[in-house]
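Step one of this worksheet: look at the structure below.
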Amino acid sequence: MKAIRALLAHNLDNAQSGLVSRSDVDNETYLFRAACSELSTEVRKNRRVADEQLRQQRTHLQHEVDILTQRLNQDLLTLTDSVRGMFNDRKMAVREEQKAVESRIQQINYKISVMLNSDSKSEIEEVRWVLIRRSVLGILFMAVLTLGTLRYATFVNSKRKKEMEQRQKEQEEMRRSNGMKDHSPAPEAAQILAAS
């Protein structure tokens with residue numbers, strides 16, 4: 001019994017030393033709540049500060065983006081103007097080159113036409129002289145042929161006349177040799193002469 005009492009007394013002392021009073025618990029609770037309230041206030045404050053910093057950074061970034069957008073638009077406009085200027089310059093250069101090429105082509109065409117005209121004129125003159133020569137040769141040939149034909153015709157006529165005269169002489173000699181008189185009537189002699 002004494003031992004059990006001793007154990008109970010010992011355990012009771014331990015329990016009393018380990019127990020906390022209600023005022024201590026209330027104090028601890030109050031301190032904990034105050035700390036939580038202070039912590040939540042500090043967290044809200046930090047959030048507000050962070051939100052404000054984010055806002056400022058966002059507005060700063062937005063401002064920089066706007067500035068970069070304006071610069072980019074200006075650069076694009078400048079580039080567009082420069083490209084248009086280069087394109088117009090190239091167009092003008094191409095037109096001038098085309099005009100130069102057309103003028104060269106016209107000069108070449110003029111030179112070719114002059115050369116063709118001179119060549120054609122010289123060829124026409126050559127053909128004209130060839131035709132004149134041939135026509136003169138043809139006329140001379142026709143004249144010679146005509147003269148030859150006339151001479152041949154006169155030669156043939158003279159030969160026939162000579163043959164006729166010779167025949168007449170032979171007939172007269174035959175008449176003389178056969179008899180001094182011609183016994184044939186006059187119409188027969190005319191027929192003989194006509195036949196010869």
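A quick note: this is a predicted structure, and the numbers were derived from the prediction, not measured.
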From [X] [atom1] over to [Y] [atom2], what is the distance, rounded to the nearest 0.5 angstrom?
X	Y	atom1	atom2	value
N73	T69	CG	OG1	6.5 Å
Q57	Q62	CD	CD	14.0 Å
K161	T154	NZ	OG1	10.0 Å
K162	K169	NZ	NZ	10.5 Å
C36	L31	SG	CG	11.0 Å
L79	M86	CG	CE	9.0 Å

Q | Pairs where residues 126-148 contributes a residue and the test side chain to side chain donor-acceptor pair (under 3.5 Å) is met, not counting sequence neighbours | A | E125-R128

Q) Pairs in or reaching into residues 40-52: which pass side chain to side chain donor-acceptor pair (under 3.5 Å), with residues at least two apart or in two chains? A) E52-R55

(Q) Within the structure provided, determine whether E64 and L61 are in side-chain contact (heavy-atom separation under 4.5 Å). (A) yes

Q: Please confirm whether the backbone N or O of A34 pairs with a side-chain atom of S37, one donor and one acceptor, at under 3.5 Å?
A: no

Q: With sequence neighbours left out, write down each residue that passes side chain to side chain contact (heavy atoms under 4.5 Å, CB included) with V136, or none if nothing qualifies.
A: I132, L140

